[in-house]
Amino acid sequence: MIKTLAKSIREYKKASILAPLFVAMEVVLEILIPYLMGYVIDYGVNAVRGYTWCDNIGELIPLMLKGYKGVVPEGAVATGNYTIVWQLSLVLLACALVSLLCGVLSGRFAAVAGSGYAGNLRHDLFYKIQEFSFANLDKFSTPSLITRLTSDVTNVQMAYQVIVRIAVRAPVMLVLAFVMSVRIKWQLSLIFLCVIPIIALAAYVLLSRTHPIYERVFKEYDDLNNVVEENLRGIRVVKSYARSDYEKKKFGKTSTEIFTDFVYAEKISAIINPLMMMIVYVCMLVLAWLSAKYIWVGQLQAGDFVSMLTYTIQILSSFIMVAMVFMMIVISHASMKRVCEVLKEESTIKNPENPIYEVKNGDISLKDVCFAYGVEEDDNHSLSNVNLEIASGETVGIIGSTGSGKTTMTQLIPRLYDATSGVVEVGGIDVRQYDIQTLRDNVSMVLQKNTLFEGSVKENLRWGNENATDEEIKNACILAQADGFVSAMKEGYDSHVEQGGANFSGGQKQRLCIARALLKKPKILILDDSTSAVDTKTDAEIRKAFKEIIPGTTKIIIAQRIGSVMDADKIVVMNGGKIDAIGTHEELLANNPIYQEVYTTQQEAGGDFDEEGGAD
């Protein structure tokens, strides 16, 4: 997991190294300052001639390096050495300023490293998702991917910043402060060795109880995002059915679960700080009591006691920081796992080693094709032993009940999925041998769900061909019967499209999506129930335009209504994942019971809308 996440550091390696380096320098100076303070007190303020007296700092430095402290007899009178006080004060000031500078630089580099790393991580996640096949996307829900790109990456970023800064600062300060305390009076430093196991045990117990909560709460975030996304996407349905109260309750339930878990986790986490502070104060009391005995017998000086107090605070605060680091890692561990799941996911559809970059024609051949959504058992196949031949330029209609495999079969042609077994060929070549982009540029598919993106009409249409001219855009819209309503808009092709195309009707969105697909100038055009929301007259005009203007393009039309496919060169009837029959409208009407039933039902129901725009 660490290796996978570390790949996203890249150009921020330098900042990631400099941050802990400056932290270490800052800590060294912070450790040095209490040590110097002890000498200010003992060799400056409380200096006694003949015992702790130096004329200048030059004479004091060798003693400091040796760790030597003069022994002052009982009853000796301190005269004070203000030369040493001033000189050491200047050194302390310099140390403080350099420590401040190191702290600022470490904070800056940590921020750059953390923010940059998070940016790279989001970049890698987003680009990885773009490589996913439909099978990969089926594995992760949309709300889950959104949570991973937002909340989870933020948690990983915070953990990374903690690691490059506090995770270095705490252990370095702990070790150095302990070494300095041993140097001053090793007997007193034994206090810390007694405290360490207590702190470690308490931290382990508390963190082990919070970890499962954070594992659970991020899955609840997925549920919350799912509720919000579903509500916003279907807000018109919610309002039309007056189900706002129900949606509020559903949101409230999920939100309350997250609230309850976080409160419980925070209650446990909140114990850490007061527990640590209690240990700190107990240690200080014990240290003061023992130090008083050593000072009384002349084995410890006042300056040493002050230094020991400071080191006590530094050592124990380091433990608190270590506990915080572990807490942050525990919180982010679940996020790290979820991010790695996406980064490690391999697309089920990949380019071959030596791909083919040319699709010769629109011939399509399916040979003994079987397909299952994520399972291999024969009884779970969505398609079973499908065989179909379509010649280039043919118009083929596909009809069948819901779940009969119509959409699944056509999604195998542009490799949105790969067949579980069997062969799908385009232009006489197995689709798995083509370069994926080349194949999909030549096999244009208008999916059941018509999606438009926020921007202008022109920008949406150029998804089909980013270099399309205004004339090409207009011609595609004329062919898709979309030019009329687009030209009638105030700003024409520059008119604004709201998110999801909310300011267009269902039929208008379908026609714009068809125009977008036509701009690719494909050899194969697949319309997956893409005229269901337009009236029969417009549907007929679209099919007529296809026949007259793009006769060389292979056209596959999936439809629920027979009127949309009855004039096709041949019609495929699907049933239960298999091809039940193939023939013209007249042949199927005479010989196929399924086709006859659908035709009779639609005729008895009075057909479809007959007026132009009736479905808009």
Side-chain angles (χ1 to χ4, degrees), residues 1-27 29-30 98-132 140 142-173 210-211 214-215 217-218 221-222 224-225 228 258 262 265-266 269 318 320-345:
M1 183 169 68
I2 300 300
K3 186 177 180 181
T4 301
L5 293 171
K7 292 178 181 178
S8 297
I9 299 174
R10 294 196 291 276
E11 69 269 29
Y12 296 100
K13 287 181 181 177
K14 181 179 178 181
S16 300
I17 294 172
L18 289 175
L21 180 62
F22 280 111
V23 164
M25 293 170 62
E26 179 188 14
V27 170
L29 291 168
E30 287 184 9
V98 175
S99 177
L100 174 64
L101 178 62
C102 290
V104 170
L105 290 174
S106 68
R108 180 181 181 278
F109 285 118
V112 170
S115 300
Y117 173 66
N120 283 348
L121 201 56
R122 287 193 181 92
H123 171 278
D124 295 344
L125 283 169
F126 187 80
Y127 276 63
K128 188 71 174 182
I129 293 169
Q130 302 309 305
E131 297 173 3
F132 283 175
F140 300 97
T142 300
S144 177
L145 290 174
I146 292 172
T147 303
R148 293 167 203 247
L149 277 162
T150 52
S151 300
D152 287 334
V153 171
T154 300
N155 288 332
V156 175
Q157 175 187 355
M158 292 172 64
Y160 186 70
Q161 285 185 252
V162 165
I163 289 170
V164 299
R165 196 174 186 192
I166 300 178
V168 174
R169 177 185 178 85
V172 171
M173 178 174 284
T210 56
H211 181 259
Y214 289 115
E215 288 274 0
V217 81
F218 288 112
Y221 265 127
D222 288 348
L224 183 67
N225 283 339
V228 173
I258 295 174
F262 263 123
E266 290 299 325
S269 304
S318 297
I320 296 174
M321 285 192 286
V322 168
M324 290 175 60
V325 169
F326 276 109
M327 177 60 70
M328 181 56 66
I329 291 174
V330 165
I331 293 173
S332 62
H333 184 260
S335 293
M336 291 179 188
K337 285 174 61 178
R338 287 157 54 82
V339 168
C340 283
E341 284 175 359
V342 177
L343 292 175
K344 289 181 177 179
E345 181 76 8

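Being a predicted model, the structure only gives us computed values, none of them experimental. The first residue in the sequence is number 1, and the count goes up from there.
No side-chain heavy atom of Val23 sits under 4.5 Å from any side-chain heavy atom of Val172. Proximity of Leu149 to Ile129: side-chain heavy atoms (C-beta onward) are separated by under 4.5 Å at one or more points. With a 4.5 Å cut-off on side-chain heavy atoms, Arg165 and Ser106 count as touching. Proximity of Tyr160 to Ser16: side-chain heavy atoms (C-beta onward) are separated by under 4.5 Å at one or more points. Proximity of Thr4 to Lys344: side-chain heavy atoms (C-beta onward) are separated by under 4.5 Å at one or more points. No side-chain heavy atom of Phe22 sits less than 4.5 Å from a side-chain heavy atom of Arg108. Glu11 is listed as a side-chain neighbour of Asn120, based on a closest heavy-atom distance under 4.5 Å. Between Leu105 and Met25, the closest side-chain pair of non-hydrogen atoms is not below 4.5 Å.
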Under the side chain to side chain contact (heavy atoms under 4.5 Å, CB included) criterion, do Val164 and Phe109 qualify, and how do the steps go?
CA-CA 9 Å; Val164 299; Phe109 285 118; over 6 Å; no

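Applying the 6.0 Å contact sphere to CZ of Arg10 captures more than 12 heavy atoms from other residues, nucleotides or ligands.
Nearest heavy atom pair, residue Ser99 against residue Glu30, reads OG-CG, 3.7 Å. Asp124 approaches Ser8 most closely through the heavy-atom pair OD2-OG, 2.6 Å. The heavy-atom pair separating Met1 from Cys340 by the smallest distance is CG-SG, 3.2 Å. When all heavy atoms of Val339 and Leu125 are compared, the pair lying nearest together is O-CD2, 3.8 Å. Heavy-atom minimum distance, Val168 versus Pro20: CG2-CB, 3.5 Å.
For the atom pair CD1 of Ile166 and OG of Ser318, the computed distance is 11.0 Å after rounding to the nearest 0.5 Å. Going from atom OG of Ser335 over to atom CG of Leu121 covers 10.5 Å, rounded to the nearest 0.5 Å. Of the inter-residue distances, the one linking Asp152 atom CG with Arg122 atom CZ reads 10.5 Å to the nearest 0.5 angstrom. How far CG of Leu145 is from CZ of Phe132: 7.0 Å, rounded to the nearest 0.5 Å. Interatomic distance, Lys7 NZ to Leu5 CG, rounded to the nearest 0.5 Å: 10.0 Å. Taking CE of Met336 as the start and CG of Leu343 as the end, the distance is 12.5 Å to the nearest 0.5 Å.
In this structure, the side chain of Lys128 does not engage the main chain of Val342 through any donor-acceptor pair within 3.5 Å. Side chain of Ser151 to backbone of Thr147: no donor-acceptor contact under 3.5 angstrom is found.
By the 4.0 Å N-to-carboxylate-O rule, Glu26 lies close enough to Arg169 to be salt-bridged with it.
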